[in-house]
Amino acid sequence: MTLTSSEKRTSFLHKSFGDRMVAAISPSTGFLTKRLCRQIDLANAKLVIELGPGDGVSTLAVLAKMGPDAHMVVIERNAQFVADLRKITDKRLTVIEGVAQDLEKHLPEAVGHADAVIASIPFTYLFKDERRAVVASAKKMLRSGGTFVIFHQYSLLMVPYVKEAFGPVHKEFEILNVLPAFLIKATKS
Ligand SMILES: C[S@@+](CC[C@H](N)C(=O)[O-])C[C@H]1O[C@@H](n2cnc3c(N)ncnc32)[C@H](O)[C@@H]1O
């Protein structure tokens with residue numbers, strides 16, 4: 001069954017009801033996911049890791065740009081979204097129910113191999129040391145030259161954390177999202 005975009009928004013809202021860690025009233029818009037995809041050389045990426053895929057809107061946008069032998073691993077903490085993600089029939093996708101804070105525990109074999117790590121988790125609800133630890137783990141996963149993108153953020157809270165770990169950051173703003181959102185990108189040297 002194909003849902004209209006308004007049905008998708010209602011379904012997202014329903015699944016996020018009572019879970020403040022979703023921290024969004026709607027999944028990313030196509031404008032934001034296109035902006036996200038433009039940050040990464042997805043056609044040549046072999047491994048992309050996503051933290052906080054929600055119902056899979058960003059995951060599907062990324063997979064659509066990746067090659068047939070690529071692999072995407074997503075880590076999501078909301079069980080209802082995990083159930084949605086497990087319905088995506090794409091052999092390139094691995095869904096893990098868990099939290100971004102355990103990234104290294106979940107994927108020890110990926111250390112140094114990811115072409116990109118993307119994250120839309122609500123960093124504002126994490127303690128400072130957790131924010132720092134998630135950014136450090138993402139960096140550890142990346143190969144040299146790999147890309148880290150934080151998106152669907154309602155503030156620039158994470159800029160100093162990303163700068164501290166990666167050096168220079170690139171920032172963009174997408175007004176056509178609910179709510180309008182920042183994207184922060186950095187590259188592992
Ligand atoms: C703002 S929504 C974005 C969802 C989707 N990526 C999108 O673009 O529409 C944030 C998602 O991160 C998940 N999340 C929050 N904290 C998390 C954590 N510590 N680890 C993994 N997922 C988390 C939430 O359950 C939610 O699905």
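Start at 1 with the first residue, then count along the sequence. Whatever order the structure lists them in is the order used to number ligands and atoms, beginning at 1.
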Cut-off 3.5 Å, side chains only: do Tyr161 and Arg132 have a donor facing an acceptor? no
Is Glu97 salt-bridged to Arg77, going by a charged N under 4.0 Å from an acidic O? no
Name all residues meeting the salt bridge (charged side-chain N to carboxylate O under 4.0 Å, His left out) criterion together with Lys128; count only those two or more places apart in sequence or in a different chain, and write none if there are none. none
Which pairs pass salt bridge (charged side-chain N to carboxylate O under 4.0 Å, His left out) with one or both residues in residues 168-189, sequence neighbours excluded? Arg35-Glu172, Arg35-Glu174
Tell me whether the rings of Phe166 and Phe148 are parallel (<30°), tilted (30 to 60°) or perpendicular (>60°). parallel
Per-pair distances, ligand 1 N/O vs protein N/O, less than 3.5 Å:
unit_1: ligand 1; atom_1: 6 (N); unit_2: Gly52; atom_2: O; d: 2.8
unit_1: ligand 1; atom_1: 6 (N); unit_2: Ser58; atom_2: OG; d: 2.9
unit_1: ligand 1; atom_1: 6 (N); unit_2: Ser120; atom_2: OG; d: 2.9
unit_1: ligand 1; atom_1: 8 (O); unit_2: Ser28; atom_2: OG; d: 2.5
unit_1: ligand 1; atom_1: 8 (O); unit_2: Ser58; atom_2: OG; d: 3.4
unit_1: ligand 1; atom_1: 9 (O); unit_2: Ser28; atom_2: N; d: 2.8
unit_1: ligand 1; atom_1: 19 (N); unit_2: Gln101; atom_2: OE1; d: 2.9
unit_1: ligand 1; atom_1: 20 (N); unit_2: Ala100; atom_2: N; d: 2.8
unit_1: ligand 1; atom_1: 25 (O); unit_2: Glu76; atom_2: OE2; d: 2.6
unit_1: ligand 1; atom_1: 27 (O); unit_2: Gly54; atom_2: N; d: 3.4
unit_1: ligand 1; atom_1: 27 (O); unit_2: Glu76; atom_2: OE1; d: 2.8
unit_1: ligand 1; atom_1: 27 (O); unit_2: Glu76; atom_2: OE2; d: 3.3

Taking only residues two or more places apart in sequence or in another chain, which ones pass salt bridge (charged side-chain N to carboxylate O under 4.0 Å, His left out) with Arg86? none
